[in-house]
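Report on the following structure.
Chain letters run A, B, ... following the sequence lines, proteins first and then strands; every chain starts at 1.
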Protein chains: 2
Amino acid sequence: MHTKNILGFDVPDFIEGFGDVEHYSGVWNKLKKENIGETIISPPVKSRVAHTSKMKNSLKEAIDACNPHDGMTVTFHHHLRGGDYIVEQTIRYLAEVGIKDITLASSSLTSAHECLVPFVKDGTITRIFSSGIRDELGKAISEGHMKNPVVIHSHGGRARAIKTGRIKIDLAVVAASAADCEGNCTGSFGPSAFGSIGYAMIDVMYADKVVVVTDNLVDFPCIPPSIRQHNVDHVVKVETIGDPSKIASGTTRITKSPMDLRIAEMAADAIEQSGVFREGYSFQVGAGGASLAVAKFMRDKMKAQEIKGSFMIGGITSYCVDMLNEGLFNALFDVQSFDAAVSTSVHGNTNHVEISSDQYAGPYNCGCMTNKLDVVVLGALEVDTDFNVNVITGADGVIRGASGGHSDTAAGAKLTVVVCPSFRGRLPMIKKRVQNVVTPGESIDLIVTERGICVNPNNKNLEVKLKEAGLNIVDIDKLREEVDKITGVPVEPKFTNKIVGVIEYRDGSVIDVIRAVDTED
Amino acid sequence: MHTKNILGFDVPDFIEGFGDVEHYSGVWNKLKKENIGETIISPPVKSRVAHTSKMKNSLKEAIDACNPHDGMTVTFHHHLRGGDYIVEQTIRYLAEVGIKDITLASSSLTSAHECLVPFVKDGTITRIFSSGIRDELGKAISEGHMKNPVVIHSHGGRARAIKTGRIKIDLAVVAASAADCEGNCTGSFGPSAFGSIGYAMIDVMYADKVVVVTDNLVDFPCIPPSIRQHNVDHVVKVETIGDPSKIASGTTRITKSPMDLRIAEMAADAIEQSGVFREGYSFQVGAGGASLAVAKFMRDKMKAQEIKGSFMIGGITSYCVDMLNEGLFNALFDVQSFDAAVSTSVHGNTNHVEISSDQYAGPYNCGCMTNKLDVVVLGALEVDTDFNVNVITGADGVIRGASGGHSDTAAGAKLTVVVCPSFRGRLPMIKKRVQNVVTPGESIDLIVTERGICVNPNNKNLEVKLKEAGLNIVDIDKLREEVDKITGVPVEPKFTNKIVGVIEYRDGSVIDVIRAVDTED
């Protein structure tokens, strides 16, 4: 039976290979309840006799020591990004020894994971939880080659899912750029340094078995111990945990695209006039294009007006580090580092604080950092006139993006700004209805395009302020019509009825489903 | 029914007000089992809507917000030591609003807690879990004025008890010398700085409600966030959390007592000759008398022989900090800081790492730091010819000491050295049988007195080494007889059958009981 959820998206009450659906009920409706109606699982009980070794001779030996079995759940972090070798090596070995029906729960999956396609097709992997899926793997899933639908979660949602046992971890494999023989480890230094190891911090607390894999075994003790020894079962030294050139290279640069810069400048003007830009404000921007460029304009405004912010969070770029070092912010809270320059700062600056994904954005705790956020600037693959945002499927209907901290920060921030060109190529980015919703319009305040700023009608005060400031405010329906006239209304992709992906909101409810693309044409 | 346990101590199978007894079975027998037969409890599920305040106007208001009720369990850390104001204020308020039958579980209780005697006598507090109890409170309990027996645990044992729900925390009150409005907090700076906040780290993970109390509310964010906001429900600013002059004053000094220095020098010689004193060794000493003085002699030996150690753990004194700063050790791991000079180091030196009591000594995890220890030097109130150590009851039978990390480190260290004068006043310190056992002889290698070094017969190799090195090795039975001749055999205190204290070993088994002193004479 199919139902329209409260956002008007077609989500059934039961999904084959997923189970009963708890429907999305609004940004805070579930979380503001006295009793959420869920519990946290028990962390496993462990013990160890003194002066026994945790070292294993190879990743295979470490995996063998963790009782690999059919139906097991294996987790990874994606701090190594496109350079990761560890997911592939682990899955390949599990397949080699005949393990089937694996649930793969990586904090995200990147271009490094196209290699998983055969394992998805042959039933080695039958479930995936991830923030994002891309390239050939996304295509294979969207074409229906996987047994059960993948579950797309936000970074905060993943912390929740691990705590509630929705993702019940048998084995957590943690790649580290430096580790000691007891498993104290970090990503903040070493040849394969990747910065914060924040996504793995929650895995090691709840996993039945934890294996730390490093290519840089250092003398005990490894400092900083971003992950601590009492949460680590086995340690293994490998030749390399990944391709350093694809892990984190150089310094993030601000876009030179005139379109992106124009959008960014408009967004920065809107933030300046919104009322939240003031002494002690907090700020998050994404690492890409127009989003990062907003930081450049805010930096200029902060200097010009001598405004000092409190903190930045999130994916941290060298641009954020520069702003910390210039004294524009007091602190950075870092769940994921986006370039090599950041690792040095994580390692050496006490005001650059590594945080877990639970602290960053977890909905099931006493208050995550996104809850404290004043302004966030986010990107979009497409938006709609209800301000809903899609960051997971492309115009062709294929899974190609990531949920990330999008819905977490949008929910938490006082001012949520989406920056997005009004069209890309011949494709309009503003739709009547997004193909898939990841972040509900309720949590979006502004959509900034090169053709003007759309203000969510649920934030009338903001609209008044921005109009008074003389900014170019446009009605989103009119903007959509205008853009459609330029691009023409595109042919929408065709889908079958098969559900290949389930998009969970950060509170664990289902906000949308992804259907298989119809390849029969 | 009374039973002798495997150490020969008279421990019943059932204790009124405590329950069924799991008898002590040896240092590692329980922990080396594949399945310990216990589970960890679920941490509570919590949630919070963005941009809501955690600030309360007073400690009373904060407590009121935590659903105080009869039979509740309230926990504290004892980092404020003799200067603590927070335990008293909390219990006084709970009594004021009529709460009865409280379980008080402080990581330890000090001279600051004599004020609790009336609350113990009137049934406000009916159970106590603590590492130590002293002065009038110890006397009142030993005289039978408390409803149920107190449970004495080690620091590692407390971490275990909280994880298993043996101590199921309704309210954790965490005093901090600096905190922000979200509950990020530390003990490492501020007017009431006390250094590491390690004991509270486990409480905040499992407590239903967590209140952070500070006299130094700082701008968000408080760095370092030794305890993190997502584990804190309420924050309250009070005038003062304690008397700074009794919290941590000055710098720990080495004893000038010739007797203590003589014992310490002999202990250091024994360590030097034991085989564990080598490049990269790890070391822990207590903060008092002969124990700390051993550090002085080891420091000299390390310099003379150009030996560099790996790490020191435990209660950290400024003496440890000096050795870190001199490059004699690579790192300090600090669960508790013993003097004011240490706070600065915790705050500023990344090689001075704050650790939780679970990481320090917890038996139910993947490997605590005491498991990695080469040498520990410990004190004793008395020892016996089976090498059992009493650190909890005085010669008069009254509770006056603390279990601390004694049994944890003794179990973990490759070489456990107890330093102890052979008599104090007219009282012999070496008995046929200690009045109460906290640390089993199985885990003690050496007892060093001013009259010579006793080697545990279970460590024959060590005896050979030390004899070959020409050290003064004495037989413990002969030493006892020799001392008895000097002091005379003292009159033992009389006890009733009432059990007023239960001494848990770090694994949760009962190693001994404390009986009420007989005051009828």
Indicate yes or no: at least one non-hydrogen side-chain atom of [X] is less than 4.5 angstrom from one of [Y].
X      : Y      : value
B/Y364 : A/P43  : no
B/M369 : A/E182 : no
A/H230 : B/S356 : yes
B/W28  : A/S47  : no
B/K372 : A/F220 : yes
B/S42  : A/I41  : no

May I have the step-by-step check of side chain to side chain contact (heavy atoms under 4.5 Å, CB included) for A/I40 and B/K46, ending in yes or no? CA-CA 9 Å; A/I40 307 300; B/K46 301 182 181 183; over 6 Å; no
When [options] are compared by non-hydrogen pairs under 4.5 Å with chain A, the top option:
options                        : value
B/G362, B/G367, B/A331, B/P224 : B/G367
B/D233, B/T52, B/T164          : B/D233
B/V27, B/T370, B/I36           : B/I36

Residue part contacting chain B, namely of [X], when any heavy atom lies under 4.5 Å:
X      : value
A/K414 : both
A/F329 : neither
A/I355 : both
A/C181 : side chain

Using the rule given for side chain to side chain contact (heavy atoms under 4.5 Å, CB included), can you reason through B/T350 versus A/H347, listing the C-alpha separation, both sets of side-chain angles and the distance that settles it, and then say yes or no? CA-CA 9 Å; B/T350 51; A/H347 189 247; over 6 Å; no
Side-chain donor or acceptor of A/N371 paired with backbone N/O of B/R48 under 3.5 Å: yes
Highest number of heavy-atom pairs under 4.5 Å with chain B: which of [options]?
options                        : result
A/A411, A/S310, A/S282, A/G183 : A/S310
A/D219, A/N231, A/T39          : A/N231
A/C366, A/P44, A/P221          : A/C366
A/N330, A/D374, A/D358, A/V49  : A/V49
A/E38, A/H51, A/K33            : A/H51

For B/V353 and A/I223, what are the C-alpha separation, side-chain angles and deciding distance, and is it a side chain to side chain contact (heavy atoms under 4.5 Å, CB included)? CA-CA 8 Å; B/V353 184; A/I223 290 178; 4.0 Å; yes
Checking B/N184 against chain A: side chain, backbone, both or neither under 4.5 Å from a heavy atom? side chain
